[in-house]
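Data block below; observations after.
The shown structure was predicted, so the numbers you read here are calculated from the model rather than taken from an experiment. Letters A, B, ... are given to chains in the order of the sequence lines, protein chains preceding strands, and every chain is numbered from 1.
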Amino acid sequence: MVNATSDPSPLPPGPKPGGIAEAALARRAAPYLESLNEGQRTAVEALDGPVLVLAGAGTGKTRVLTTRLAHLLNTGRARPGEILAVTFTNKAAREMKLRIGDLVGDVVEGMAWLGTFHSIGAKIIRRHAELVGLKPDFTILDTDDQIRLLKQLIKAADVDEKRWPARQLAGLIDHWKNRGLSPGDLKADDGFAYAGGRGKEFYTAYQARLKVLNAADFGDLILECLRLFRENADVLARYQDRFRYMLVDEYQDTNVAQYLWMRLLAQGRQNIACVGDDDQSIYGWRGAEVDNILRFEKDFPGAQVIRLERNYRSTQHILAAASELITHNEGRLGKTLHTTSTDGERVQVRGLWDGEEEARMISDEIEAKHSKGHRLDQIAILVRASFQMREFEDRFITADIPYRVIGGPRFYERQEIRDAIAYLQVTANPDNDLKFERIINTPRRGIGPTTVALLASSARAGETSMFQAARDLVQTDEIRGKARTTLASLTADFVRWRGLIDTTSHTELAEMILEESGYTDMWQQDRSPAAAGRLENLKELIGQMEEFDSLAGFLEHISLVMDTEQDRDTDKVNLMTLHSSKGLEFDTVFLPGWEEGLFPHQRSLDENGRAGLEEERRLAYVGITRARHHAWISFAANRRVHGLWASAIPSRFVDELPASAVDVDTDGNSGSGVAASRFAAQADPFSSTYDTPGWRRAQANRGAFTPVPTRAGPRRAPLIEGELVASSTAAASQFSTGTRIFHLKFGYGTILAVDGNKLMVEFEKAGRKRVLDSFVEEHSTG
DNA sequence: CTGGAGGATCTTTTT
DNA sequence: GATCCTCCAG
């Protein structure tokens with residue numbers, strides 16, 4: 001482990017730039033350079049000075065990045081420990097490390113400063129913890145803890161949490177931290193948005209409380225690091241000197257705080273390379289500033305800007321569709337992607353009746369491809385919102401198509417895992433109030449809100465932690481009866497477990513804690529079907545701990561690395577959100593749900609106007625450019641949102657695609673297809689030959705649901721309007737009770753009740769279900 | 001302090 | 001429709 005405080009970082013005996021030694025080294029390095037195209041090679045070889053690489057989708061960004069780092073090492077410009085390379089996700093960091101390893105071998109192990117913004121921030125703060133008011137073993141709070149803590153503060157300040165939700169305050173504080181603002185930087189009216197101007201006050205109190213708890217939230221990992229650098233010129237100088245070369249990946253995703261952090265470090269040697277694509281900036285909602293790309297040339301005068309525009313991934317039509325779509329955005333740096341691939345299939349556009357039919361069309365398409373030998377794991381379905389996944393999962397289960405969901409609820413986010421970790425964290429650091437509060441009454445011990453509130457107020461009054469307060473209070477008569485004895489034994493248990501940290505193996509200790517605290521027991525007693533799985537997960541957790549050599553090491557890992565690799569290598573269809581698809585590529589990509597209100601998402605438009613729309617469009621761009629050979633875009637005329645049926649119009653993005661790169665339902669094999677607006681034979685996007693009671697009703701109701709004029713207030717009338725099940729009396733079903741019907745998914749059944757166009761049906765195989773009448777046919781015995 | 005009932009809410013997500 | 005949260009009665 002390198003130590004900043006005792007490292008003068010002398011110039012290494014590296015070869016003189018442009019000298020003979022370097023030329024010789026470069027020759028040795030030649031093989032990996034030769035397979036690069038001109039732009040890529042420039043980006044790899046421009047080692048000195050500030051460099052901005054604008055890398056379009058599929059232009060070999062990762063390749064450039066890893067080769068560049070390998071090149072730095074190979075030419076002897078820097079030793080592994082002198083390179084700072086930051087990514088956003090652990091996955092990206094892991095992959096980068098792997099690929100550099102392929103190029104330079106074990107040397108990569110010395111790259112101690114390759115990691116995420118947050119892990120590197122945490123590492124730096126731990127070394128200088130006392131300078132920012134923390135102890136080196138401070139804990140990192142997750143979002144749950146953050147909310148819990150804010151709730152305490154809100155309650156203590158006697159503010160109505162219902163009117164001013166803790167989530168909102170958390171959002172505000174995050175927003176400030178993303179912008180690099182400490183409480184002291186705020187102007188008086190900055191906190192206006194919360195509790196009538198008390199935002200700043202709460203932010204101050206929150207930060208103070210974090211210090212008492214010896215804790216930092218994710219934002220602090222950057223912000224406190226920034227403060228450390230600003231207030232301690234000597235510390236900053238040391239790091240500026242150490243990091244001879246810097247590299248930032250996914251630069252378009254950096255927020256202001258990260259930008260300032262990085263700029264401060266780079267001001268030493270000016271050897272900084274940022275790689276990004278403004279067209280793929282899709283995280284504005286969590287603080288990313290595309291402007292950082294524009295600022296780069298201003299802040300680093302003379303910066304070299306390199307554009308990578310040759311796309312190696314997609315066919316001509318796919319690229320044309322994506323490129324044309326994105327030109328509808330203003331305020332982009334502008335790149336023109338080109339490819340040498342000329343032929344290939346056009347982008348397929350389909351309009352369908354509803355979400356279920358859309359899922360059926362896609363699964364049919366997948367089955368057809370699969371039977372022709374197309375691998376399932378080379379197929380992805382990219383949705384805008386996770387609720388859309390359900391329809392596909394249902395369909396895949398029915399059709400027996402193996403699939404995997406990427407980016408779903410992760411292992412470490414499960415309740416039982418968080419509880420178990422909370423026990424471990426309180427053991428490691430009893431002053432972690434938030435974790436203590438989480439498990440103080442789990443399993444139920446009879447310590448309720450009253451007792452917890454008493455502990456919290458007592459802790460605040462004594463400027464100490466709740467754990468300490470509990471230890472003190474049980475000595476007095478302030479807590480009585482059962483609460484007193486349970487609390488006394490619980491705290492004593494933690495003290496005892498803590499005493500065992502150094503003498504017992506951490507896995508053994510973890511098992512002991514879960515056993516003795518009654519936590520395992522709680523799930524064993526639980527009769528719910530999920531209980532067995534939870535116990536399995538706890539075992540799995542202990543198993544994962546074995547990969548670490550100490551409790552502290554494990555805990556640091558889980559607070560920063562919240563992901564686990566899952567079954568990568570089985571042949572399954574990939575199902576994920578557009579957001580989590582960034583950086584991936586597939587032979588075939590399906591993009592369902594291109595409907596106004598869903599994509600672009602209404603909320604994005606409402607809350608961020610034009611900027612919101614443009615970010616949605618970039619999301620569409622990201623989606624299309626994931627595809628190598630086949631891209632399918634589809635939309636439905638009806639979709640169930642929040643349990644209600646709504647009619648929808650095709651997304652404006654559909655019309656923004658170039659007609660020459662698109663095919664619309666060419667073979668006419670779909671009798672129920674709804675044509676895309678511009679591509680429809682008739683001018684009316686909703687006209688089609690589809691003819692069912694539900695469809696006719698949808699036609700009839702269409703005009704009746706014009707958007708309600710916007711009222712003052714945050715919530716506006718959604719554009720998705722037209723509830724088919726609305727009180728419209730004209731919409732009574734043609735079906736009647738007792739009729740025998742057939743349903744595509746559930747089979748035969750008998751109608752029990754009719755409610756508008758919704759039927760309650762007793763199915764022979766599937767049991768009792770509520771279905772829309774447009775999905776059933778009267779079963780004629782003839 | 002606990003459990004059930006009713007109510008509000010429902011984009012995206014990493015660290 | 002489903003879930004998470006809050007409130008109220010025991």
Fill in: Atom pair distance, as rounded to whole Å: CZ in A:F387 and P in C:dT3
16 Å
Discussion item. Please classify the nucleic acid contact of A:I447 as base, sugar-phosphate, or nothing, using heavy-atom distances under 4.0 Å.
Written reply: sugar-phosphate
Practice prompt. From the options B:dT15, C:dA2, B:dT13, select the nucleotide whose nearest atom is closest to the side chain of A:S580.
Written response: B:dT13
Practice prompt. Tell me which nucleotide among B:dT2, B:dT12, B:dT15 gets nearest to the side chain of A:T116.
Written response: B:dT15
Item to complete: Kindly write out the residues that satisfy ring pair (Phe, Tyr, Trp, His ring centres under 6.0 Å) with A:F586, not counting sequence neighbours, or none if the list is empty.
Response: none
Worksheet entry | Any A:T450 side-chain N or O less than 4.0 Å from OP1/OP2 of B:dC1 | yes
Discussion item. Tell me whether A:R126 forms a cation-pi arrangement with A:F138, defined as NZ or CZ under 6.0 Å from the six-membered ring centre and within 45 degrees of its axis.
Written reply: yes
Discussion item. If you only use heavy atoms from C-beta on, which nucleotide in B:dT12, B:dT14, B:dT2 is closest to the side chain of A:T89?
Written reply: B:dT14
Item to complete: Side chain of A:T451 only, please: which of B:dT12, B:dC1, B:dT15 is the nearest?
Response: B:dC1
Worksheet entry | Close side-chain approach of A:L487 and A:L473, heavy atoms under 4.5 Å | no
Worksheet entry | A:I282 CD1 - B:dT13 P separation (whole Å) | 9 Å
Practice prompt. May I have the distance from A:Q388 (atom CD) to C:dG1 (atom P), rounded to whole angstrom?
Written response: 19 Å
Fill in: For atom CG of A:D394 and atom C1' of C:dG1, their distance in whole Å
12 Å
Worksheet item: Got a salt bridge between A:D419 and A:R438, using NZ or NE/NH1/NH2 to carboxylate O under 4.0 Å?
Response: yes
Response to the item:
Correct closest heavy-atom pair for A:R227 and A:V132 would be NH2-O, 3.2 Å
Discussion item. Heavy atoms only, 4.0 Å cut-off, all strands: where does A:R390 land among base, sugar-phosphate and nothing?
Written reply: sugar-phosphate
Item to complete: Would you please confirm or rule out a distance under 4.0 Å between OP1 or OP2 of B:dT15 and any side-chain N or O of A:T143?
Response: no
Item to complete: Counting heavy atoms from C-beta on, name the nucleotide in B:dT12, B:dT14, B:dT15 closest to the side chain of A:R384.
Response: B:dT12
Worksheet item: Which is true for A:S604 with a 4.0 Å heavy-atom rule: it touches a base, it touches only sugar-phosphate, or it touches nothing?
Response: base
Practice prompt. Grab the CG-C1' distance between A:D253 and B:dT15 for me, whole Å please.
Written response: 13 Å
Fill in: Separation of atom CZ in A:R94 from atom C1' in B:dT15, rounded to whole Å
13 Å
Response to the item:
Side-chain contact check for A:H579: nearest option of B:dT15, B:dG3, B:dT13 is B:dT13
Worksheet item: For A:R618 and B:dT12, what is the distance between atoms CZ and C1' respectively, to the nearest whole Å?
Response: 13 Å
Fill in: Near-parallel close stack of A:H642 and B:dC10 base (under 5.5 Å, under 30°)
yes
Worksheet item: Contact class for A:E616 (heavy atom, under 4.0 Å): base, sugar-phosphate, or nothing?
Response: base
Response to the item:
A:R167 CZ to B:dC10 P, in whole Å, measures 11 Å
Worksheet item: May A:W285 be described as stacking on the base of B:dT12, applying a 5.5 Å centroid limit and a 30° limit on plane angle?
Response: yes
Discussion item. Closest approach to the side chain of A:R444, judged atom by atom: which nucleotide of B:dG3, B:dC1, B:dT12 is it?
Written reply: B:dG3
Item to complete: For B:dC1, take OP1 and OP2 only and decide whether either is under 4.0 Å from a side-chain N or O of A:N441.
Response: no
Discussion item. Need to verify one output field. Residue with the more 5' nearest nucleotide on DNA chain B, A:N608 or A:P449?
Written reply: A:P449
Item to complete: Determine, using ring centers only, whether A:W285 and A:H579 are less than 6.0 Å apart.
Response: yes
